[in-house]
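Scroll down for the structure; my scribbles are underneath it.
Keep in mind that what you see is a predicted model, and the values were worked out from it rather than measured. Starting from 1, each residue takes its place in the sequence as its number.
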Amino acid sequence: MKNITIKKIGIMGGAAVGGVIGGSVSMVGKLTKVKFLDELGSNIVDSTIETGKIAGDIASGLTHVAVGAVKKQPERIPQGKQDLKRGGGAILNNYVDNFRTIVDNSGELVMGIKTKDGRRVLNGAKTLGKIAAISMITVGAIKVDTEKEPSEKEKEKPRG
């Protein structure tokens, strides 16, 4: 029962931080009609909630393992290990996903420069900027929507 409470506290903490910081950034984006800031704010909210979820899993795992060891309740230790694995696995998966996103968007940026496609350069730079901004707030959990605006070359392609 207590592990659910710890997990919920982690998620609520992440949502609170994300709501204050990300919500403020998003609101500024909406008021100024700057889509990038609105998206960045939403991505901050998603990322901080994910960070809170991971923190909740790890705190729950540590609690189960500690209580199981101290109070001689070995049945709690496997649950604690499972929570720790889930939290650690989520961090690892996020780092892998973030690395792929950085590589993909760096490639997009380079290809945009090579082909003199300003939209491609801008799309890659926006996504990398979001990652940099969010990584200053969260640890191991970055949820970013990549820029999907068509490049200049894609706009020129005839449809049919």
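Note on Ile134 and Val34: same hydrophobic cluster, where clusters join Ile, Leu, Val, Met, Phe, Trp and Tyr whose side-chain heavy atoms are under 4.5 Å apart, directly or indirectly. By the rule that hydrophobic residues join a cluster once side-chain heavy atoms approach within less than 4.5 Å of another member, Ile58 and Val67 end up as members of separate clusters. Linking Ile, Leu, Val, Met, Phe, Trp and Tyr residues whenever their side-chain heavy atoms come within less than 4.5 Å places Phe36 and Leu128 in a single cluster. Under a hydrophobic-cluster definition in which Ile, Leu, Val, Met, Phe, Trp and Tyr are linked whenever side-chain heavy atoms come within less than 4.5 Å, directly or via other members, Ile9 and Val45 are assigned to different clusters. Taking hydrophobic clusters as Ile, Leu, Val, Met, Phe, Trp and Tyr residues chained together by side-chain heavy-atom distances below 4.5 Å, Tyr95 does not share a cluster with Ile49.
To the nearest 0.5 Å, the span separating CG on Leu40 from OG1 on Thr127 amounts to 11.0 Å. Asp97 contributes atom CG, which lies 9.5 Å from atom CG of Leu92 (distance to the nearest 0.5 angstrom). To the nearest 0.5 angstrom, Ile54 atom CD1 is 10.5 Å from Ile11 atom CD1. In this structure, CG in Leu37 is found 10.0 Å from NZ in Lys130, a value given to the nearest 0.5 Å. To the nearest 0.5 Å, atoms CE (Met12) and OG1 (Thr5) are separated by 8.5 Å. Remark: Lys126 NZ to Glu108 CD distance equals 12.5 Å, nearest 0.5 Å.
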Output side-chain donor-acceptor pairs under 3.5 Å for residues 20-27, partner residues at least two apart or in another chain, one line each.
unit_1	atom_1	unit_2	atom_2	d
Ser24	OG	Val20	O	2.5
Ser26	OG	Asp38	OD1	2.5

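Taking the side chain as every heavy atom from C-beta outward, Leu84 and Asp57 never approach each other to under 4.5 Å. Between Val17 and Ile44 the shortest side-chain heavy-atom distance does not fall below 4.5 Å. Looking at heavy atoms from C-beta onward, Asn98 lies out of side-chain contact with Ile131 at the 4.5 angstrom threshold. Side-chain contact between Lys7 and Asp83: present, with at least one pair of heavy atoms (C-beta onward) separated by less than 4.5 Å.
Across all their heavy atoms, Pro74 and Pro78 have their closest contact at O-CD, 3.2 Å. Nearest heavy atoms, Arg120 versus Gly112: CB-CA, 3.8 Å.
For residues 10-23, the set of pairs meeting the side chain to side chain donor-acceptor pair (under 3.5 Å) definition, not counting sequence neighbours, is empty. Screening residues 11-20 for salt bridge (Lys or Arg N to Asp or Glu O under 4.0 Å), with sequence neighbours left out, gives no hits.
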